[in-house]
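First listed ligand is number 1; within each ligand, the first listed atom is number 1.
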Amino acid sequence: MKLYDLELSGNCFKVRLFCALTQLSLEVYAVDYMGGEHKSDYFLGMNPLGQIPLFEDGDFLLRDSQAILVYLAQKHVLHAWWPQDAKAQAQVMQWLSFAANEIARGPNDARLHDLFGVDLNVGLARERAEFCAAILDEHLSNHKWLVGNGPTIADIACYPYMALMHQGGVDAAPYLNLMRWMGDIRSLDGFVSMPGIE
Ligand SMILES: N[C@@H](CCC(=O)N[C@@H](CS)C(=O)NCC(=O)O)C(=O)O
């Protein structure tokens, strides 16, 4: 299994982190992102969106960090991470969508502005980041994990850009339940980090 990766990408980190936590072996290929490799003809042939992460398993190609987490957990029968019960699975999906939408347009965008100089409405992105933090903080006030009694791919999908939120100018410290949850994720056996996460 191969990941077309960028070390500084929180979306790629989701896949690296999940494989580390579950001891799945992964070949990591560093895409020359600054050189535009992800927009080259050969790469667009594999992912017409021109985005990383891109995942390869034999002749199977898959884009989108959330979809990759689902594939890995289902293929490797990691049912604790991807529950098979209808309600729990749908609740995991709910948070995967939150990661792909609200978190992407909030803390992820604010970081893209501050760290990578992307021209976007950073005030709005920071407002959205605070909204994400508040939603998670409230949920985590009476749940140890996002879904059920243990970590799932929902936690892995939501964690990176919340932990990197400070790089977009938003402080997580006032959100005590969020801070507690991020600490619990860092304490998981096999946890690996990325630049920007202590
Ligand atoms: N929904 C995708 C988003 C992937 C994404 O936005 N990747 C960024 C890097 S973190 C990228 O490749 N951006 C280049 C572009 O969109 O042109 C995921 O969760 O993997």
(request) May I ask you to check whether Ser9 has an N/O atom sitting below 3.5 Å from an N/O atom of ligand 1? (result) no

(message) I want to know if ligand 1 touches Gln66 in the polar sense, i.e. an N/O pair below 3.5 angstrom.
(response) yes

(message) Heavy atom to atom 19 (O) of ligand 1, shortest distance: which of Ser65, Ala100, Ala99 holds it?
(response) Ser65

(message) If you take the nearest heavy atom of each of Arg63, Gln51, His38, which one is closest to atom 6 (O) of ligand 1?
(response) Gln51

(message) Tell me if the centroids of the rings in Trp95 and His139 come within less than 6.0 Å of each other.
(response) yes

(request) May I ask you to check whether Phe60 and Tyr71 place their ring centres under 6.0 Å from each other? (result) yes

Quick test: of every protein heavy atom, which one is nearest to [atom], and how far off is it to 0.1 Å?
atom                    : answer
atom 7 (N) of ligand 1  : Ile52 O, 2.7 Å
atom 2 (C) of ligand 1  : Asp64 OD1, 3.4 Å
atom 13 (N) of ligand 1 : Tyr33 OH, 3.1 Å

(request) Would you mind running through ligand 1 and noting each atom that sits below 4.0 Å from a heavy atom of Pro53? (result) 20 (O)

(message) Is it true that Asp184 and Trp145 share a donor-acceptor pair across their side chains at a distance under 3.5 Å?
(response) no

(request) Consider only side-chain N and O atoms of Glu138 and Tyr175, and report whether a donor and an acceptor are under 3.5 Å apart. (result) no

(request) Give the C-alpha distance, both sets of side-chain angles, the deciding distance and a yes or no for side chain to side chain contact (heavy atoms under 4.5 Å, CB included) between Lys144 and Asn149. (result) CA-CA 7 Å; Lys144 181 166 167 60; Asn149 297 322; over 6 Å; no

(request) Measure the distances from the heavy atoms of Lys39 to every atom of ligand 1 and state whether one is below 4.0 angstrom. (result) yes

(message) Could you check whether Asp64 pairs with Lys14 (Lys NZ or Arg NE/NH1/NH2 to Asp/Glu carboxylate O, under 4.0 Å)?
(response) no

(message) Between Arg126 and Asp109 (salt bridge meaning N to carboxylate O under 4.0 Å), is one present in this structure?
(response) no

